[in-house]
Structures are given as structure tokens and as C-alpha cells.
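All remarks here apply to the structure that follows.
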Amino acid sequence: MKQHSAVSIVLTRTNYGEADRIITVLTKDSGKIRLVAKGVRKIRSKLAGGIELFSTNDIMYLPGKGGLGTLVSSRLRKNYGSIVKNIDRTMYAYDALKMIHKITEDSPEPEYFILLEHMLAALNDETIALDVIKTWFHLQLLKLGGHTPNLMTDTEDHKLSADERYGFSFDNMSFVKQSSGPFGQHHITYLRLGITFETAKKLSQVSVAPEILTPLVQLTRTMLERHSRVM
Amino acid sequence: MNRILLVEPDQYLAEVYSSALQHNGHIVSVARTVSQSVNLLDAEQFDLMILELKIAQHNGIELLYEMRSYVDWNKIRIIIHSSVPEQKMMTSKTMAQLDVDKYLFKPRTTLSELCQSVEQIMSRQYS
């Protein structure tokens, strides 16, 4: 049987018998794949170094029956080792992997792999604030899933104004005019940039006050929870 | 007699906690790093793990997720005993997902409170 190769990121790992692991990986060109990694609980396994979380790996595998293939070899391509030096980033990295795993079906577009790679790179970069990464990632996931919020007009189809305050309607995925609403021009501008920029690094170069950013993390997370399968 | 894995990078604290737990009749193994913890988990059977989250090179969150990905380690009860405040770290949902029995904020937890928590959890385990 012919071996296949892929660039992959591990989404989940569970054990399988005494010495094996089942891993679910997201690949760039072959979607999401489940593989048995044999013998990786043994200390000297050649695979042990290549199936870590928070890394990109070059893998060779044999496709199998019932959607479970066999991992033949794995070589570490890029390890985002700085993530685990920070507990908050570690927690979010696990959260993000879970979100991607839930949102993607068996044949996700390559864009999900690229997004995940960018997200891990951002978490690995201590100069990028965690809340910036979270806001950017949530917006990108919404965009990929076709749930981009309406950042141009309000629920009554009026152009969003710099002088108004707004609440947010999750049903309409639009801002709703509210005289004492929590969101204003700066929030909306930042969201527009978060949707547009391809990396969190770029977004982090935009100066933003914590009182603007902090509510946007929760707002975008709630958008995802209401419209995607992240929970 | 219960077997406890104490994951505590601070040597002095590890000695203090370990002595107190042994005085209460438990068998205690100490790990100061995540890889030591994994090696001990592989080599021995534990009933309970007491876990500090702030560990050099890797951290306790990684160890926690790793543990819960192994079916044979899912029976081990877990007390997080950490210098990281609970509200900063874990929602009750995450605690439930990771099957954490108790979260103790180290600066505000006395030694006897730690020991009492161990006894409570172990007695629930066997009731």
C-alpha cells in the first residue's frame, strides 16, 4: 500500500492499548486524519518527538479502513515551544485546538490549517498580547465559517456611526443602536481590522486600549459559540 | 494507604508537604518536572495527584491534559495546589472537563487544609 505524506498539526491524542496512541491531525492538503501511532509510549520510539502538540510535523502514513490510518514516521518541522512557558497561553492553545477540531468536518479547507499555524505562531510570540490573538482568531474562525459579523450597518440598516453607541444582536450578527451601549467606534474599527488582517502579528501593531480589547474577546467568543460548533 | 504523586518544583515545599502527607499515612512520590511526573505515572499506580501549575519548561496544564488523554490515568484524582489564582485559570467547566477534584490557591491554603482536602477526596473515592 502506498504511503502518503502530509504537513500536519496534532489536534488530539488519546491512548490506545498499552503502547500506542490515536492522534487526530489537521493537514494542509488532506483534511483531518485519524492515525494510530504505534509504540510511542515506549521511550525510544522514533515517533515520540514528532507527535507533540503545538508543533507542525512532516508525517508519512498509510491510509486505513474505517478512517483510521497508521502513522509510519514523523519529523518535527516547527515546534512552538514558547507557548508552554506561559500558563494562560497553554490554556488557550488547548482551547483553540478544541475549537478547530469541533468546527472542522472531515474535509476542511486548507485555510483552517493555515489559520491554525498562524495562531500557534502568534501564541509562540510573547510580544503579541493574548487578548489580541484571541480576538483575531475568533474573527478568522467566524470568517472561515461564513459567519462574519456585519460591521458596516446596524440592525436597521443604517450605516454605523462614529458618534453612536451600540449593543450587539447575536441573532442578526449586527450592532444595534443603544444610547448607553457598550460598543463604539473604536470597538467596531478594531473588529474590522481583525477580520482584514491575515495574522495576529499585524493586528498587534495597531494600538488599542485594554478597555476596548477586553470586551471584544468575549464578544467574538460569544459570536462563535452562537454560530459555530465550538462548544 | 493511598499513593500520592506530588508535583512540586520547589524542593523545600515538596519536603514539607510530603512529610505531612506521609505523617497521615500516605505513600508519597515527588516529581519536580513534567517529564519526571510522566515517568512516575508510567512506573507506578497512583490514587491522587497534587499538582502545582507553575513548572519550568512545561507547565501543569500540559500535564493535566496529557494525563486525561490516557484512559488508564483517568482514575487518578487531582488536586491543583497552585500559586496561580483559580479564577485566573479555570472555569468550573474546564475543571469538570479535566476532572479536577479541587483547586487550592497555595498562598491561602494551610498545610492542614491541604491534608484535609486529600482525606476528603480519598474518602469519596472509596465510599
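Nothing here was measured: the structure is a model prediction, and the numbers come from that model. Naming: A, B, ... by sequence-line order, numbering from 1 per chain.
Considering every non-hydrogen atom in both B:Asn59 and A:Asn86, the closest pair reads ND2-O, 4.0 Å. The heavy-atom pair separating B:Ser69 from A:Arg13 by the smallest distance is CB-O, 3.0 Å.
Other residues, nucleotides and ligands place no more than 12 heavy atoms under 6.0 Å from the NZ atom of A:Lys28. For A:His186, the NE2 atom sits in a loose shell: 12 or fewer heavy atoms of surrounding residues, nucleotides or ligands are nearer than 6.0 Å. Counting heavy atoms of neighbouring residues, nucleotides and ligands inside a 6.0 Å radius, atom CD of A:Glu211 exceeds 12 of them.
Only one option out of B:Leu64, B:Ile61, B:Leu53 pairs with A:Thr90 in a side chain to side chain contact (heavy atoms under 4.5 Å, CB included); it is B:Ile61.
Contact of the A:Glu52 side chain with the B:Glu62 side chain is not registered, since no non-hydrogen atoms from C-beta on lie closer than 4.5 Å.
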- [ ] Any chance you could lay out the side chain to side chain contact (heavy atoms under 4.5 Å, CB included) test for B:Val84 and A:Ile87, step after step, and finish with the verdict?
- [x] CA-CA 9 Å; B:Val84 180; A:Ile87 293 179; 3.8 Å; yes
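Note: B:Tyr65 OH to A:Leu97 CG = 9.5 Å, rounded to the nearest 0.5 Å.
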Tell me which donor-acceptor pairs under 3.5 Å the side chains of residues 21-31 of chain B have, and how far apart each pair is, sequence neighbours excluded?
| unit_1 | atom_1 | unit_2 | atom_2 | d |
| --- | --- | --- | --- | --- |
| B:Gln22 | NE2 | B:Ser18 | OG | 3.4 |
| B:His26 | NE2 | B:Glu119 | OE2 | 2.7 |
| B:Ser29 | OG | B:Glu44 | OE1 | 3.4 |

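The choice from B:Glu66, B:Lys54, B:Arg68 that makes the most heavy-atom pairs within less than 4.5 Å of chain A is B:Glu66.
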